[in-house]
Each structure stands twice: as structure tokens, then as C-alpha cells.
Amino acid sequence: MGRSLVRFAVIRVVFVVILTLVAMVGSAHAGPAAALPSVGAARDVRVAGGVFKPTRVDGGIRWDARWILPPETHSEMADGEPRIILFAVPLPEGETLELGPGTIPVVKQGRLVAIRFDRDAIDGRTIHAVLHQRVAHDGAPAVPIGAPIAAGTAVQIVDADLGGSVLLEIETAAVLERRLGHVAPPGVGNAALDEARRLTSFDARVGSAPLYVRGDDVKTRSGLTGMIVTPRARGRNGAIAVAAGFVALVAALLVAMKRLRHRASIEHADAVLAAEVDSLDALHRRVR
Amino acid sequence: MGTLVTLLDIACGRPIPAEDSGRSRRLQLVVYALLASLIFAGAWGLAAGSRSSALAVANLYKVPMVVLMSCAFAAPAGLFAWRLSGTKLRGTDRALCFVGGVFGGTLVMAVLAPLVALYYHSSAWAGPWLGIASVGIALLTGTTMFIRGVVRRLEPGTRKRSVLFPVAITLSMQLLTLLQLASLASPIMPERTGFSDGIDHIAESAKPHSAQ
């Protein structure tokens with residue numbers, strides 16, 4: 001009897017230990033999420049559009065982000081509860097949100113995964129935020145695009161103009177295609193792009209190729225990459241080709257000059273001789 | 001010296017002397033005109049970049065490169081346009097008229113080069129403007145010389161209007177290539193100008209900006 005009681009007690013203790021361990025493991029995974037400021041309570045909002053304007057700054061890229069919310073969001077938030085905009089993929093490591101009125105970053109495993117906002121942060125239908133992406137100058141050709149593209153199916157715009165004629169060339173593989181003056185997913189028509197431009201009042205600079213993309217496309221590709229291209233780098237290949245053509249042309253002109261010299265002198269001598277013969281002929285006729 | 005005088009005569013639209021009317025001699029004059037243009041363009045480049053020795057040295061090949069390559073790029077379209085228009089003009093005459101214009105234009109740049117250099121060293125405002133203006137004057141002079149040369153060398157009975165199309169095509173091609181070549185070779189002047197970024201910058205400037 002006593003033995004069975006002891007056995008029962010041991011089993012209970014083992015069971016409790018196992019339960020505690022499982023709970024600890026579970027909380028370890030959910031740890032950062034638990035640290036999020038009331039993410040569980042906040043409902044996520046699907047944006048209607050967005051535009052992300054990069055600017056090259058010391059040590060990285062400053063992203064000026066504007067998300068356009070559905071018209072009803074403002075009235076729905078009368079309950080006072082904050083909302084979150086979930087990003088399609090976690091932003092690159094080290095990217096930070098500049099704290100603004102009514103916006104709070106949502107971080108998971110050290111990376112920004114969403115932005116939480118209050119009703120006060122809404123300007124018309126727009127949520128505005130500034131993010132700073134660190135870009136290592138380690139000579140790597142491609143950098144991850146740190147634009148906070150919201151999850152969902154809304155077409156959002158990533159401007160490719162970094163200022164000072166420096167461009168962001170987005171790598172187009174599988175889910176993106178390069179079109180005349182912009183990059184977009186193959187299935188997205190011009191009407192959707194027009195609507196995205198209208199919503200965000202976006203006006204692209206001539207020569208840059210902005211990216212029109214949906215959150216779901218970004219999720220499919222597990223993030224986007226691109227290259228920072230300076231005007232000097234862009235023109236380098238062309239300049240080398242033109243310089244090579246120039247050298248070849250000058251060489252050809254010099255060879256032509258050498259080859260023509262002999263023939264031209266013969267032609268010149270013939271012409272002078274013919275002219276002198278003609279003048280002598282005329283003189284002879286006058287004398288006679 | 002005699003060749004230089006002949007080239008000046010050609011640029012000014014005067015008739016070619018009988019002793020220089022052979023095919024080889026004409027081709028030789030074309031080659032001489034182009035090589036002389038390179039020297040003139042180099043002189044202007046040296047003046048425009050004289051505020052920085054590195055830029056001045058680089059301009060010694062950059063500006064001649066822009067001039068020569070623009071001629072090379074414009075020539076095929078020009079030749080095709082001449083063929084289409086059916087204008088009666090000897091091939092070597094066409095080439096002489098074209099390089100005569102280039103020669104005249106770059107000569108204007110060369111004679112204005114000392115002025116450009118002087119103003120670049122003595123005035124922060126006037127130097128760049130004079131540099132751009134000298135190129136504008138050179139383009140205008142070259143165009144005038146080209147058109148005048150073509151009109152004067154037309155075979156009797158050929159309508160003058162018939163040269164408009166090929167001349168316009170040749171000049172448009174040269175201007176368009178000059179614009180992008182100048183952007184590729186940029187910086188040519190110490191300042192960033194409206195031409196430094198080529199057609200993109202010009203198109204952006206011309207675009208009506210909507211309110212954000």
C-alpha cells in the first residue's frame with residue numbers, strides 16, 4: 001500500500017516535471033512574443049496600399065514608410081484598442097523604427113515583424129513611420145530590401161531612387177518581372193498599379209524603376225534583395241566600351257592617314273600637272 | 001599649313017581646289033579634319049577642366065572621345081537618310097561637309113578655350129556659364145557650316161529642300177549621342193550641370209510635377 005502510494009507520488013512528480021519542462025520550452029519559443037506590447041490583444045489591419053521611399057544615409061538606408069489604411073479603420077478604432085500592421089517578412093536584422101507619436105515597434109527574435117499604432121497615429125488614412133536599415137559596406141553585391149512591406153494582397157510601392165542619382169536595382173527572380181519603367185509581379189495589371197499610385201500620390205523619378213509588390217509576393221520569396229547602384233558604377237561598362245571604340249577609331253584614322261598619303265600625293269601631282277599642261281596649252285594657243 | 005587652309009575653305013563652304021578634288025585626297029582631308037577636331041576638342045577640354053589638374057588631363061581624351069564617337073554613331077543613320085532622300089551629292093562631298101561642320105565647331109571651341117580657362121580661374125559664376133555657352137556656339141557654328149557646305153555642293157538641278165531630311169537626321173542623331181556620351185564621360189566640367197545625367201535628368205526636369 002505504502003509502496004504503491006510512493007510509486008503514485010513519484011509518477012505525479014515526474015508528470016509535473018515533464019509538464020513544467022514542456023511549459024518552459026513553449027514559453028522559450030513564445031518568449032519574445034510575450035514581451036511584445038500587447039500584440040495578442042491588438043488586431044492586425046490589412047492595408048490598402050503603401051509607399052516606401054529610401055534615402056541613402058551614413059551607414060545605411062532611411063526608409064520613409066507610409067501605409068494607407070482602409071477607409072473604415074479610423075471609425076473601427078473608436079474602441080480605443082490599438083491595431084498592428086504585420087510585415088510580409090521580418091525586416092533585416094538591425095533595422096530599427098524611429099519612435100513616432102502613437103507607433104510602437106513589434107520585435108520578434110530581434111527583428112521587426114510589425115508596427116503597432118493607436119488611433120492618434122492615423123493621419124487621414126495614413127500611418128507614417130521612419131525606419132533605419134543598416135547596410136554593411138562589405139562589398140557584397142546584394143543587400144536585403146528593408147522596406148516594411150505589409151502582409152496581404154495590397155499593391156505597395158518601393159521607390160528605387162535613393163537620392164543623388166543613386167538607384168536601388170531590385171533583383172527580379174521568379175515572382176517579379178522588369179517592365180518598362182518599373183518592376184512588378186507578372187499577374188498585376190496596370191489598373192492595380194494606377195490604383196496604388198493614386199492611393200499614395202506616388203510620382204516616380206524618370207530613370208528609376210520603382211517596385212510594385214504585394215506582401216504575399218515578398219513572403220513567397222522570403223524577402224527581397226537589390227543592389228545599390230551609383231551613377232559611376234552604372235556608366236562604367238558603357239564608358240569602357242566607348243573608350244575602347246574611341247581608341248580603335250583613332251587608330252583606324254591614323255592608319256587611313258598613312259595609307260592615303262601616297263595615293264593622295266599622286267592624285268595631287270597629277271592634278272597639278274594637268275593644270276600646268278592646260279595653262280601651257282592655252283599660252284601656246286595665244287602665242288600662235 | 002596648306003591642308004589646314006583647305007580644311008578652313010571647306011568648312012566655310014568654298015569650292016574645293018581642282019588639285020584637291022581626287023577621291024583619295026578628299027578622304028585624306030576627311031581624316032585630317034577629324035584628327036584636327038580631336039586636337040581642338042582636347043584644347044577646350046583642357047580649358048574647361050583647368051581648375052583641377054586631374055580633370056584637365058582626363059578631359060584631354062574625354063572631350064575628343066565624345067566628339068569622335070558622336071560622329072561615328074551619327075554617320076550610319078545619316079548615310080541611310082541620304083540614300084533614302086535620293087539627294088544627288090557625291091559620297092566624299094557628304095563626308096567632307098559633315099566633317100567640315102565638326103571641324104568648324106571644334107575650332108570655335110578651341111578659339112574660345114583661352115577665354116573659358118581665364119573665366120574659370122577668375123570667376124566662380126561666369127566660368128561654367130561660358131563653358132556651356134561656348135559649346136552651344138560651337139554646335140550652332142558646326143550646324144551652320146554643315147548645312148551651308150551641303151547646299152553649296154549640291155549638283156545643279158537638285159532642290160535645296162531635299163537635303164533637309166538627311167541633314168536633320170544626321171544632326172538629331174549627333175545631338176542625341178552627344179547628350180548621352182557627355183553623361184557617360186561626366187564629369188567634364190567641375191560643376192554638375194543639367195547634361196551630367198543625360199536624358200534622364202532632362203526628362204525629369206521637363207516632367208510636370210504633381211503635388212504630393
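Excluded from the calculations below are hydrogen atoms, water molecules and symmetry mates; all remaining heavy atoms, backbone and side chain alike, are included. Below, read A as the first sequence line, B as the second, and so on, with proteins coming before strands; counting in each chain starts at 1.
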Problem - Residue that, paired with B:V31, satisfies side-chain contact (heavy atoms from CB on, under 4.5 Å) out of A:L254, A:L253, A:V255 - result: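 For B:V31, the side-chain contact (heavy atoms from CB on, under 4.5 Å) test succeeds with only one of A:L254, A:L253, A:V255, which is A:L253.
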Practice task
Quick one: which of A:G245, A:A264, A:A271 has the most heavy-atom pairs under 4.5 Å with chain B, could you say?
Solution key: A:A264
Practice task
Could you please state which residues from residues 57-85 of chain B sit under 4.5 angstrom from chain A, measuring non-hydrogen atom to non-hydrogen atom, sorted by number, or 'none'?
Solution key: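 Heavy-atom contacts from residues 57-85 of chain B to chain A are B:Y61, B:P64, B:M65, B:L68, B:M69, B:A72.
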Problem - Close approach to chain A in residues 127-140 of chain B, criterion heavy atom under 4.5 Å - result: none
Problem - Residue B:L181 versus chain A: region with a heavy atom under 4.5 Å - result: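 Only the side chain of B:L181 comes within 4.5 Å of chain A.
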Problem - Under 4.5 Å from any heavy atom of chain A - which part of B:L38 - result: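 It is the side chain, since no backbone atom gets that close.
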Structural part of [X] lying under 4.5 Å from a heavy atom of chain B:
X      : answer
A:A275 : neither
A:A243 : both
A:V247 : neither
A:R259 : neither

Handout entry: Any A:M257 side-chain heavy atom under 4.5 Å of B:Q28 side chain
Key =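 Side chain of A:M257 against side chain of B:Q28, heavy atoms only: no contact under 4.5 Å found.
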Problem - Donor-acceptor contact present, side-chain A:E267 to main-chain B:R23, <3.5 Å - result: yes
